[in-house]
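Notes follow the structure.
In what follows, chains are A, B, ... by sequence order, proteins preceding strands, each numbered from 1.
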Protein chains: 2
Amino acid sequence: MKSGQVTIKDIAKELNISCSTVSRALKDFPGISPTTRKSVVELAKKYNYRPNAIALSLRNQKTNVIGVVIPETVHFFFSTVISGIEDAAMKEGYNVMICQSNEKYEREADSIDALMGARVDGLLVSISRETADLAHLKKVVDEGTPMVFFDRLVEGMNASSVIVDDYQGAYDAVEHLIKQGCKHIVHLSGPDNLIIARKRKEGYLSALEDYQIPFTEEYIVECRNGSEIEAEKAMSDLLKSSIKIDGVFANNDLAGLGAISAVKKAGKSIPKDIAIVGFSNWQFSSLINPGLSSISQPGYEMGCEAAKLILEEINAKEKGKSQIKILDTELIVRDSSKRLH
Amino acid sequence: MKSGQVTIKDIAKELNISCSTVSRALKDFPGISPTTRKSVVELAKKYNYRPNAIALSLRNQKTNVIGVVIPETVHFFFSTVISGIEDAAMKEGYNVMICQSNEKYEREADSIDALMGARVDGLLVSISRETADLAHLKKVVDEGTPMVFFDRLVEGMNASSVIVDDYQGAYDAVEHLIKQGCKHIVHLSGPDNLIIARKRKEGYLSALEDYQIPFTEEYIVECRNGSEIEAEKAMSDLLKSSIKIDGVFANNDLAGLGAISAVKKAGKSIPKDIAIVGFSNWQFSSLINPGLSSISQPGYEMGCEAAKLILEEINAKEKGKSQIKILDTELIVRDSSKRLH
DNA sequence: CTGAAAGCGCTTACAG
DNA sequence: CTGAAAGCGCTTACAG
């Protein structure tokens, strides 16, 4: 027996019939004699025949693969999004090919080229922190490959997106802090080129305004890479300064953790002296001490929705209008912000 | 201009030359006039030509894709393994296609079929908790597709593996507990069909024996799914029983967290009354309270080594002997087990 | 220096 | 009911 996987040709040869007939027998094509069908199916099973997806893709001009470009799969939020994408895609007979940008523009562009070279039927992307120039994305859309953005919105492109209501989530977080009695709320923000970061900042500012809390620029500190270390350092510096602080709204949970460490090290009590809320409701935010209050984002659902949108576009005869789907967040209150009334 | 990506044929037509010439011009083939080469290259760039990887795969009988079957990407340990695989594979010009089994046998078998259908050049697999029958894996090896196992070893198959020294890691953990003065050490074990679970149990037993600590079966409790909840429940039950307990060696960090919760809820002090060590050194084990001591596994390195092994096999003319690469673990002591001397 | 032909695995319109 | 042919995009041995 030859090595490697069996092909239609192998089966045809052994049965002394044509490839056409084998192909038809394998797919319940009408008008095939029951005898030949039976022998073909049996031989296929015996040799463990699997249709060659590569050949099918070439023939059908369709790979049934959707490409995903994502900053980092090690982030719990993103890994839940991926699960959602995979489940929804698999249900429709699609495979998923994932590339991580590691938050680098160049790797993002390379990943997109690789995926386009692999002729994916559609692309799901969440841009990197570094990405400012959108030419690599525009090229894809111009070439007619469907593309949907998730989580990190992109402006000025004719493409659908599924995002979370970052503005409202941030507003809810800050309103909650205010209701706990905070009047001097720091915002550890994300990089300004990410729309999600700008939206969260807007939510923060709106809440302050609505509750007539005075604000100065010093209360916003940008954390570029979103790491715990960076946030801890930023927060420590703030605590050493003369600014008054009794609350922190962190743009993500890792930054929230950094804030917790910094406040603990400074010998202040959480939430009594300083109440803290994060964003994203990281998997184990409940397990740290104190439990970190957070804005929960529906990652799995986001993945499903993004997959559904891209599949819709792939199957549409012509390009429809781009949609934007906004998912709700939910405030989860834990000990880091729960003051007694 | 036609929609979709540009092909060699499109370029040939526009330049009034043959596909052969375009193909050769694009790849610096010797014996192509500089003028034609120049015009081809320019047009390719203008139209953003990308070689069709599908067509190449079919032609070359090689996809340059390696398939990965992994229990769950949401586990931090596995996500670091994936990063290692991706980096090492990318460096050699390979792409990676990942399928999650979600710890289910059936989904694992389906994933392998899908990957084989996609004609991946090699397969990297870490079996699910459920997997006992190995027929689906044997079939792949018989068909001549290289396969390497990582983390979860499989016995009775002629395939290379890269694993961690689970026995030694467990031994180190338990020896450490003994040196902290523990004499009644519970083991929250994994399912017996996983070799890693059996090895860790052996390490536990050996350490007890070497230090002449008496042992009864009651001290081992199997946690099938490895969740925090399950371990917390198991530990709570133990604490309510009449068994004496002053130490816990958990087969993974989530189980360790469950143990911490249970012990706290029972009003005992950690590590004074009960010292706890986990396994795997989960990303944020240091952030919970108390910090969970653990056995650190080199996930990224494991991914790199697994990728290197599979690439070796893919490029080997004939099947060599299968190797087994064992990586060292490291005991990380934190507050959950650090007693004062 | 360039082109026509064959082939990778599969499907399907066209004949018979 | 079955087969020969063409074609998806690409490469390369063979001619010229």
Does the side chain of [X] get closer than 4.0 angstrom to OP1 or OP2 of [N] through an N or O atom?
X	N	result
A/Thr21	D/dG3	yes
A/Gln61	D/dG9	yes
B/Ser33	C/dT2	yes
B/Lys27	D/dC10	no

Without decimals, in angstroms, what is the distance between [X] [atom1] and [N] [atom2]?
X	N	atom1	atom2	result
A/Ile11	C/dT11	CD1	P	11 Å
A/Leu56	C/dC8	CG	C1'	13 Å
A/Phe29	D/dG3	CZ	P	14 Å
A/Asn52	D/dC8	CG	P	18 Å
B/Leu15	C/dG3	CG	P	10 Å
A/Arg59	C/dT11	CZ	C1'	4 Å
A/Asn16	D/dT2	CG	P	13 Å
A/Leu26	C/dG9	CG	C1'	13 Å

Worksheet item: Which base sits across from C/dA13 as a Watson-Crick or G-U pair, both distances under 3.5 Å?
Response: none
Worksheet item: Considering Watson-Crick and G-U wobble pairs with both distances under 3.5 Å, what does D/dA4 pair with?
Response: none
For atom [atom1], what is the distance between [N] and [M], given to the nearest Å?
N	M	atom1	value
D/dG9	C/dT2	P	24 Å
D/dT11	D/dA15	P	22 Å
D/dC10	C/dC1	P	24 Å

Is there side-chain contact between [X] and [Y], with at least one heavy-atom pair below 4.5 Å?
X	Y	value
B/Val140	B/Leu123	yes
A/Lys308	A/Glu313	no
A/Ile163	A/Phe150	no

Worksheet item: How do B/Ala55 and B/Cys19 order along DNA chain C: which one's closest nucleotide is nearer the 5' end?
Response: B/Cys19
Worksheet, complete the sentence: Ranking B/Asn60 and B/Ile32 by the position along DNA chain C of their nearest nucleotide, the one closer to 5' is B/Ile32
[X], nearest nucleotide to its side chain (from [options]):
X	options	value
B/Ser20	C/dG9, C/dA5, D/dG3	C/dA5
A/Lys9	C/dC8, C/dT11, D/dG9	C/dC8
A/Arg24	C/dC8, C/dC14, D/dC8	C/dC14
A/Ser23	D/dC10, C/dT11, C/dA4	C/dT11
B/Leu58	C/dT11, C/dC8, D/dA5	C/dC8
B/Ile17	C/dG3, D/dA4, D/dC8	C/dG3

Worksheet item: What is the nucleic acid contact for B/Thr36, judged by heavy atoms within less than 4.0 Å: base, sugar-phosphate only, or nothing?
Response: sugar-phosphate
Discussion item. Under 4.0 Å, counting only non-hydrogen atoms across every strand here, what does B/Tyr49 touch: a base, just sugar-phosphate, or nothing?
Written reply: sugar-phosphate
May I ask you to decide whether [X] forms a salt bridge with [Y], counting only side-chain N to carboxylate O separations under 4.0 Å?
X	Y	value
A/Lys321	A/Glu312	no
A/Lys104	A/Glu108	no
B/Glu130	B/Arg152	no
A/Arg50	B/Glu143	yes

Response to the item:
Of B/Arg50 and A/Arg37, the one whose closest nucleotide on DNA chain D sits nearer the 5' end is A/Arg37
